[in-house]
Each structure stands twice: as structure tokens, then as C-alpha cells.
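The structure appears below as C-alpha cells.
All ligand and atom numbering here is 1-based and tracks the order in the structure.
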Amino acid sequence: MAIEFTKYHGLGNDFILIDNRSSLTPVLTPEKAVQWCDRHFGIGADGVIFALPGQNGTDYTMRIFNSDGSEPEMCGNGIRCLAVFLTELEGINRTKDKYSIHTLAGVIVPQLTDDGQVRVDMGEPRLLAEEIPTTLASSQVQVINHPLEVAGKTWDVTCVSMGNPHCITFVEDVAAVNLESIGPQFENHPVFPKKTNTEFIEVVNRNYLKMRVWERGAGITLACGTGACASLVAGVLNDKCDRTAMIELPGGLLEIEWSEIDNRIYMTGPAERVFTGKY
Ligand SMILES: N[C@@H](CCC[C@H](N)C(=O)O)C(=O)O
């Protein structure tokens, strides 16, 4: 049976979106998602996102499979794409431009803005070692600027969970990082029992960071929304940046704010439809 899909991207982090509003079970298995994401033998994407019915009073549920078939808790660029997808699905009967979305990381709230971007309330960052999770420190302790041996080198890392795990390290020159070789060694390091996403950050100034990412389950991507949020938090915790900053990714710019008022992270960025099809 052919399944309809729409391809979206958020700063080049690209996803296949599926209208799954009639059931809480995704219409694709993780194995099928791997085939669909294959850039040579499939449609090609960093992941597949399902728009499912809401749960516990939310408007919708988001589930996502990474391109390797694993299921992450959250996806920042993906939830912006989902918000635009839902708006297009609801069409002229649309009554909302703000959605409450049930995810494995809790309830996330994206809102379409007047200039065509999406602003997302990403919730509060989680900082305790057991919340990441990592064994780098004892469970109730934060991991800030902590040494970690990877690929024969000691990196100073800060760990932040945005519902999904992130390991952030600050470098002099982000372009010089050999992501392809170092990324998988962070991802699969035994101190991260659920593996990790890894962000390499160059500080340009207190309101502008450059980032490259190796994503758990997807490898090198052009952008990572949760990673940009986690990196801003790591920058604040290490006194390298202010609580609002632009994050430059290979695919473009995200604005991230860590609110002093409610401790929540707000991410603003674009989401673009690329094409629709049946597969
Ligand atoms: N690209 C995403 C993150 C997707 C999930 C990630 N690969 C994981 O396994 O945690 C984003 O924009 O946040």
C-alpha cells in the first residue's frame, strides 16, 4: 500500500512527515523508516516523524524514528516542521497556530509566528547526571566542564538533557573537528548508557556561537534544535555566553533563549516544506 508523506526541513535537518492522526500506532515500522531515510535507495532524510492523536489532553502526539531506526525522545527541528505540517493539514478549518504536543520528553509547545518562523517552548533543561543519563558523575550531580577521554584526547564536556541526551564541548575552531571519526566515539562511549548527541561549539562572542553536531542515530546533520538549546545552556553554565544567543549551524541560524523568569528554553527558527509524494 502506498503511503502519503511530505518532506520538510528545518535548516537542512530533513524529515519525512506522515499524517498518522487516525491511530496512535505509527504506520511504519522502524525497519521501514530506515529504508525510507536511505539517501540512495529511499526518499532520503534524517528521520521520519508521525503526527499522531493527542494524549492526556494535548492536541497531538509526535513520534520520531532516527535514520537508523532508533526512537529519540524529542527533536527540535522536527517539532517546528510538525507545527507547519499540522497547520497545512488543518487547512482553512484551522483554529490554532499554537499546539501542545505530547512527546517522550514531555509536552512541547510550538507556535507559528507572524514572520513565518516557529517559536517553540522546549521546556526546562535537565542537568543531573541521572537525567542525561551519564555515569560521568554521581546521579544527583551536574556534569559541567568535566574531563572525558575520547579518541586519545581529553575533552572538557558539559552534559545537558532536553529530554534527549547531549554532550557539549567547546573548541577553538569548529571547522577543524573531524566529526566523522570523533562523533561515533562520543555517541557510543560507555559513560552514556543511552548513547549521546555531541555538539562542538566555537564561541564567537557572548551572543553568537558556531556549532557542529554528531547526532545519535543519524550521524552528521546540518542542524540540531535540541542540540542548539543544550549548547546555549552549556555556554551559560560555563560563563561563555549570555542567556540569549544566535547559534550558527551548517544549515543556518537558530535563536535560543534560556528564560530567567520560568527556566524554560525558547527556540525560534524556520521550517520549510520541500515536496509531497506517495511511497
Ligand atoms: N535533529 C534533532 C534531534 C533528533 C534526535 C536525536 N538524533 C537523538 O537521537 O536524540 C533536533 O533537531 O533536535
Side-chain angles (χ1 to χ4, degrees), residues 7-17 26 30 33-34 36-37 39 44-50 62-85 101 103-106 108-110 117-123 125-126 131-134 159-168 179 183-184 186-189 192-201 209 211-234 247-256 265-272:
K7 177 86 183 283
Y8 278 85
H9 79 89
L11 301 178
N13 192 192
D14 57 346
F15 305 99
I16 299 162
L17 277 285
V34 173
W36 283 44
C37 289
R39 296 196 184 276
D46 294 323
V48 179
I49 292 175
F50 304 89
M62 175 175 91
R63 285 187 64 185
I64 167 171
F65 295 141
N66 283 319
S67 55
D68 74 348
S70 58
E71 180 168 13
E73 300 82 352
M74 229 312 264
C75 176
N77 290 321
I79 208 154
R80 293 200 316 279
C81 293
L82 179 65
V84 176
F85 182 54
I101 312 278
T103 74
L104 292 178
I108 307 289
V109 183
Q117 301 225 94
V118 186
R119 183 171 196 261
V120 188
D121 174 352
M122 298 282 285
R126 295 152 223 189
E131 295 175 306
I132 306 302
T134 177
C159 296
V160 177
S161 169
M162 291 304 303
N164 59 346
H166 294 272
C167 173
I168 297 102
L179 266 188
F186 273 92
E187 179 181 1
N188 297 299
H189 199 291
F192 300 111
K194 290 191 175 169
K195 303 191 178 182
T196 192
N197 299 286
T198 308
E199 287 78 26
F200 298 87
I201 301 293
L209 310 178
M211 166 178 151
R212 287 176 69 211
V213 60
W214 177 271
E215 282 196 35
R216 178 181 68 166
I220 297 173
T221 61
L222 294 183
C224 178
T226 49
C229 296
S231 297
L232 177 101
V233 171
I247 315 284
E248 182 190 308
L249 302 126
L253 286 172
L254 281 175
E255 184 190 317
I256 312 291
I265 308 285
Y266 295 90
M267 170 189 67
T268 307
E272 307 279 343

What atoms of ligand 1 come within less than 4.0 Å of a heavy atom belonging to [X]?
X     : result
Asn77 : 11 (C), 12 (O)
Pro72 : 5 (C), 8 (C), 9 (O), 10 (O)
Gly76 : 11 (C), 12 (O), 13 (O)

Would you mind telling me which of Glu71, Glu199, Glu187, Glu73 makes a salt bridge (charged side-chain N to carboxylate O under 4.0 Å, His left out) with Arg216?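 Of the listed options, the one satisfying the test is Glu73.
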Work out whether the distance between some heavy atom of Thr221 and some atom of ligand 1 is less than 4.0 Å.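 Contact absent.
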Is Gly217 close enough to touch ligand 1? Criterion: a residue heavy atom under 4.0 Å from a ligand atom.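 In this structure, Gly217 fails to qualify as a contact of ligand 1 - no heavy atom is under 4.0 Å.
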Is a donor from one side chain sitting under 3.5 angstrom from an acceptor on the other, for Asp46 and Thr221?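 Checked: Asp46/Thr221 side chains show no N/O donor-acceptor pair below 3.5 Å.
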Where the closest heavy atom to [atom] is concerned, which of [options] has it?
atom                   : options                       : answer
atom 7 (N) of ligand 1 : Arg80, Glu187, Met267, Glu215 : Glu215
atom 5 (C) of ligand 1 : Met74, Lys195, His166         : Met74
atom 8 (C) of ligand 1 : Leu254, Asp68, Asn197         : Asn197

In the structure I gave you, are the side-chain heavy atoms of Ile64 and Phe15 within less than 4.5 Å of one another anywhere?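 Yes; the side chains approach each other to less than 4.5 Å.
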Residue portion contacting ligand 1 (non-hydrogen atoms closer than 4.0 Å) for [X]:
X      : answer
Ala218 : neither
Asn66  : side chain
Asn13  : side chain
Asn164 : side chain

Please report the closest heavy-atom contact between [X] and [Y], naming both atoms and the distance.
X      : Y      : result
Val120 : Ile79  : CG1-CG2, 3.9 Å
Leu17  : Cys81  : CD2-CB, 4.2 Å
Leu254 : Cys224 : CD1-O, 4.5 Å
Pro30  : Gly69  : CB-O, 3.4 Å

Working note: Thr226 + His166, criterion side chain to side chain donor-acceptor pair (under 3.5 Å); need CA distance, chi angles, decisive distance, verdict. CA-CA 8 Å; Thr226 49; His166 294 272; 3.1 Å; yes
For atom 2 (C) of ligand 1, the protein heavy atom that lies nearest, with its residue and separation: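 Its nearest protein heavy-atom neighbour is Cys75 SG, 3.1 Å.
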Could you identify the single nearest non-hydrogen protein atom to atom 9 (O) of ligand 1 and state the distance to 0.1 Å?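 The protein heavy atom lying closest is Arg216 NE, 2.9 Å.
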Sub-3.5 Å N/O-N/O distance, Gly225 and ligand 1: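 Yes, there is a polar N/O contact under 3.5 Å.
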Between Phe192 and Phe186, does a ring pair (Phe, Tyr, Trp, His ring centres under 6.0 Å) hold up when you go through it step by step? CA-CA 9 Å; Phe192 300 111; Phe186 273 92; 7.6 Å; no
Evaluation steps, side-chain contact (heavy atoms from CB on, under 4.5 Å), between Met62 and Cys75: CA-CA 9 Å; Met62 175 175 91; Cys75 176; 4.2 Å; yes
